[in-house]
Amino acid sequence: MEPLYNTYPVAIENSLTGEKEAFIPVNAGAVGMYVCGPTVYSDVHLGNARTFTSFDLIFRYLKHLGYKVRYVRNITDVGHLENDADSGEDKIAKKARLEQLEPMEIVQRYTVDFHNVMARLGALPPSIEPTATGHIVEQISMVQAILDRGWAYESNGSVYFDVEAYNKEGGDYGILSGRKMDELQAGSRALDGQDEKRNPADFALWKKASPAHIMRWPSPWGDGFPGWHLECSAMSTKYLGEEFDIHGGGMDLKFPHHECEIAQNKACTNHGGAKYWMHANMLTLNGKRMSKSTGNTILPGELFSGNNDLLAKAFSPSVVRFFMMQAHYSSVLDFSNEALLAAEKGHDKLLSAWSSLEGACAKGGQGFDVDTWKRKCYEAMSDNFNSPILIAHLFEAVKFINAGEGNLAISPDELTALRNTFSAMVFDILGLQGGSDSSAHKDALDKAMDLVIELRAQARNNKDWSTADLIRDQLKEAGIQLNDGPEGTSYSI
RNA sequence: GGUUCCGUGGCCGAGUGGCUAGGCACUGGUCUGCAAAACCAGCUACAGCGGUUCGAGUCCGCUCGGAACCUCCA
């Protein structure tokens, strides 16, 4: 059978070229994707989660199309300096000092938190999740290779990438972000510790560790630790090769992080790494991006528990995910309680339509063009992963399903196709989670509810409206909604 | 100051020059003992000013407003 990726070829908006391009993998049928993961020194906030949820959507869709995807997402567990100056402090060491913990305890704690949050949001684990500290050897040899080529220099125990030398000999530092060297120099601020560098645009490949610095490794240039940009170059090359397909990350990493990665890769391998660069946009709160350092954040845990002054109530992880999926990954998305409430209603409507669809019969007829609808769903996703358009199409199907009241005017084959595609889109691709009650609990609840509904039906037959309404109102307070229909009463939670 | 991007109806949010995005909210109707849900119908729009075009939310210019990056950050 023809793989789905041939039927619905993918186009990707490539940050490197600024164009939407046909996606052609380096190796046919396989995709190598690298996404810059979090620095694990504090709880992952909702903005972080959005980026990884966006790439989870992309990962899921590419897999669904039949690609063999290797998805690499790193954990940054080397602290890195708080600013580019020598006076800066290692974030993880700082947190460790504040909390009186070993640095790797900090790393472990927040890595576990990150995994928990992403799992609740329905994100699949990546194929490989390498750590920076686990790839010091690879990073040191990369530094050496760049030194050997003459595009780096050692200064006081640290090694810096020589941007000017790189660009003079054919390098294209600035290709991703559109920045020019002279503009960078004009715009750069006078920072402390810049005197080790020949040029303000130069960036650290290896930093000398001060005597108090805890996380340190021996190197040909003395004890130190790798520069922030280096780990991604080293690990993407190691696991995906010198040329791979997709490199993703948050928009805020475009410059300088990804720009530096490209320069490092080209310096070592003559290849820039990824063919397609993708940048997920920011989640804003009060019109400003969420940021750990400014404290303008909301944590996923607060959302799931409702424990935040900005929230009227708790929201399920699936609702939060649906909220994110309603916006395109490349657009800024603004967070608000109102937007979440609206998303929750839409989400519930979508999932309750799925329940109806599961139990629906096909009565024949041409009530809905399933083939065309299915094609439109795939085309939306293949067009740069346009989940909002996909959701709009899903609601077309919802309207048809609800109007049919369990008896849909399509053929049995079409019903099967509708179910399969609906389920694939909602659960496999968007990654939403239905009522995930264990089936034993569900059976017990169903039986109890059948009894309550029967008792209420008797009251209604006796025109005992006060009893009937009491049952309905009390159940509603408990979070269970009764729906009276022509064929009896059903309930939803 | 530089780079990139955005400004869509009450709110969120798609729109890759020409045909209803969608969700939420609201109004009227159908259904119901009353509700709810669902369905049907309606309702508000493209920041402003010019230009290109037979035709612009979509292209170009200017103005105003906002964001990200230029320093660690998804």
Side-chain angles (χ1 to χ4, degrees), chain A residues 11 13 15 18 20 35-39 41-42 44-55 76 79-85 88-91 174 177-180 182-184 186-189 191 201 228 248-257 259 279-284 287-294 322-323 326-328 330-336 338-347 349-350 352-353 356 380 383-384 386-396 398-399 401-405 460 463 465 468-469 472-473 476 481-486 490 492:
Chain A
E13 188 184 328
S15 302
K20 195 185 285 184
V35 172
C36 292
T39 305
Y41 69 96
S42 66
V44 62
H45 62 66
L46 196 65
N48 298 315
R50 185 195 180 197
T51 294
F52 303 123
T53 306
S54 295
F55 285 105
T76 297
H80 300 299
L81 299 179
E82 291 215 305
N83 58 47
D84 213 7
E89 192 171 9
D90 181 306
K91 277 181 183 171
S177 57
R179 284 171 165 80
K180 308 264 188 299
D182 47 347
E183 286 162 358
L184 282 170
S188 75
R189 289 185 355 192
L191 290 166
W228 174 44
M251 195 72 97
D252 52 343
L253 299 184
K254 195 171 181 183
F255 187 89
H257 183 57
E259 192 72 62
H279 289 96
N281 220 322
M282 300 291 101
L283 182 65
T284 60
K288 302 275 184 195
R289 64 170 284 211
M290 288 198 193
S291 162
K292 290 178 192 175
S293 50
T294 61
F322 180 76
F323 163 71
Q326 275 191 304
H328 193 254
S330 67
S331 299
V332 174
L333 173 62
D334 193 55
F335 175 90
S336 71
E338 289 68 30
L340 259 294
L341 284 170
E344 183 174 52
K345 294 214 173 181
H347 169 270
K349 187 172 171 179
L350 188 64
S352 95
S356 308
D383 185 8
N384 197 26
N386 200 326
S387 56
I389 295 288
L390 168 64
I391 289 171
H393 294 325
L394 290 176
F395 276 105
E396 280 178 33
V398 167
K399 195 173 268 195
I401 292 162
N402 286 336
E405 293 182 343
R460 293 179 73 206
K463 299 211 189 296
W465 307 127
D469 290 353
R472 187 175 64 196
D473 295 346
K476 184 161 191 182
Q481 174 71 53
L482 290 184
N483 305 305
D484 294 334
S490 62
S492 55

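The figures that follow rest on heavy atoms only: side chains count, while hydrogens, waters and symmetry mates do not. Every chain is numbered from 1, with letters handed out A, B, ... down the list of sequences.
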Can you work out whether A:Lys254 or A:Pro388 has the more 5'-proximal nearest nucleotide on RNA chain B? A:Lys254

Determine the interatomic distance between C1' on B:G48 and the same-named atom on B:C64; round to the nearest Å. 7 Å

Strictly by Watson-Crick or wobble contacts shorter than 3.5 Å, is anything paired with B:C5, and which nucleotide is it? B:G66

5′-ward residue of the pair A:Ser177/A:Leu333 relative to RNA chain B: A:Ser177

As a quick check of understanding, evaluate side-chain contact (heavy atoms from CB on, under 4.5 Å) for A:Leu340 and A:Phe335, giving each step before the final call. CA-CA 8 Å; A:Leu340 259 294; A:Phe335 175 90; 3.4 Å; yes

Stepwise side-chain contact (heavy atoms from CB on, under 4.5 Å) test for A:Val332 and A:Met251: CA-CA 10 Å; A:Val332 174; A:Met251 195 72 97; over 6 Å; no

Which listed nucleotide (B:C12, B:A68, B:G13) is nearest to the side chain of A:Ala339? B:C12

Working to the nearest 0.5 Å, report the span between CE of A:Met282 and OG of A:Ser331. 12.0 Å

Considering only the P atoms, how many Å lie between B:C40 and B:C49, rounded to the nearest integer? 37 Å

Could you walk me through whether A:Asp334 and A:Thr284 pass the side-chain hydrogen bond (donor to acceptor under 3.5 Å, both in side chains) check? CA-CA 5 Å; A:Asp334 193 55; A:Thr284 60; 2.5 Å; yes

NA contact type, A:Gly174, heavy-atom cut-off 4.0 Å: base, sugar-phosphate, or nothing? nothing

Return the nearest nucleotide to the side chain of A:Lys292; candidates are B:G13, B:A74, B:A68. B:A74

Rounded distance (Å) that lies between atom P of B:G22 and atom NE2 of A:His328: 19 Å

Using Watson-Crick or G-U wobble geometry with both distances under 3.5 Å, which nucleotide pairs with B:U44? none

Looking for any heavy atom pair under 4.0 Å, which part of the strands does A:His45 touch: base, sugar-phosphate only, or nothing? base

Under 4.0 Å, counting only non-hydrogen atoms across every strand here, what does A:Ala280 touch: a base, just sugar-phosphate, or nothing? nothing

Any A:Thr39 side-chain N or O less than 4.0 Å from OP1/OP2 of B:A74: yes

Choosing from B:A21, B:A67, B:U32, which nucleotide comes nearest the side chain of A:Lys288? B:A67

I'd like the C1' distance from B:C60 over to B:G1, given in whole Å. 25 Å

Whole-Å C1' distance, B:U71 and B:G66: 22 Å

From B:C34, B:A68, B:A74, pick the nucleotide closest to the side chain of A:Arg460? B:C34

With a 3.5 angstrom cut-off on both distances, give the Watson-Crick or G-U wobble partner of B:C49, or none if there isn't one. B:G61

How far, in whole Å, is B:G23 from B:A38 if one measures between their P atoms? 11 Å

Flag, side chain of A:Arg289 to backbone of A:Asn281, donor-acceptor distance under 3.5 Å: no

Measuring from A:His347:NE2 to A:Ile391:CD1, what's the distance to the nearest 0.5 Å? 10.0 Å

Any N or O donor-acceptor pair linking the side chain of A:Asp469 to the base of B:G33 at under 3.5 Å? yes

List the steps, then state whether side-chain contact (heavy atoms from CB on, under 4.5 Å) holds for A:Tyr41 with A:Asp90. CA-CA 10 Å; A:Tyr41 69 96; A:Asp90 181 306; over 6 Å; no

Side-chain contact check for A:Asp334: nearest option of B:A74, B:G22, B:G13 is B:G13

According to the Watson-Crick and G-U wobble definitions, with both distances under 3.5 Å, which nucleotide is paired to B:A21? none

Provide the Watson-Crick or G-U wobble partner of B:C39, both distances under 3.5 Å; none if there is no partner. B:G29

Given protein heavy atoms under 4.0 Å, the one-letter contact record of nucleotides 23-29 of chain B, with B base, S sugar-phosphate only and - none, is simply SSS----

Of the listed B:A74, B:G13, B:A38, the closest approach to the A:Asn402 side chain comes from B:A38

Choose from B:A74, B:G2, B:C72 the nucleotide whose nearest atom is closest to any side-chain atom of A:Arg179. B:G2

Considering every strand and a 4.0 Å limit on heavy-atom distances, what is the contact class for A:Gly249: base, sugar-phosphate, or nothing? sugar-phosphate

For B:C34 versus B:G42, give the span between their C1' atoms, rounded off to a whole number of Å. 26 Å

At what distance, to the nearest 0.5 angstrom, does CG of A:Leu341 lie from CD of A:Glu338? 6.5 Å

Nearest-neighbour nucleotide for the A:Ala327 side chain, B:G22, B:A14, B:G33 considered: B:A14

Using only side-chain N and O atoms of A:Ser331, determine if any of them is under 4.0 Å from OP1 or OP2 of B:A14. yes

Measuring only between side-chain heavy atoms, which start at C-beta, is A:Cys36 closer than 4.5 Å to A:Leu253? yes

Any N or O donor-acceptor pair linking the side chain of A:Arg472 to the base of B:C34 at under 3.5 Å? yes

How would you label the contact of A:Arg289 with the nucleic acid (heavy atoms, under 4.0 Å): base, sugar-phosphate, or nothing? base

Euclidean distance for P, B:A45 against B:C11 (whole angstrom): 12 Å

Indicate whether OP1 or OP2 belonging to B:G15 is found under 4.0 Å from a side-chain N or O atom of A:Asn386. yes

With sugar-phosphate meaning primed atoms plus P, OP1 and OP2, does A:Gly37 contact a base, only sugar-phosphate, or nothing at under 4.0 Å between heavy atoms? sugar-phosphate

Using the C1' atom as the point on both nucleotides, what is the distance between B:G57 and B:C31, in whole Å? 39 Å

Please lay out, stage by stage, how A:His393 and A:Glu396 fare under the test side-chain contact (heavy atoms from CB on, under 4.5 Å). CA-CA 5 Å; A:His393 294 325; A:Glu396 280 178 33; 3.5 Å; yes

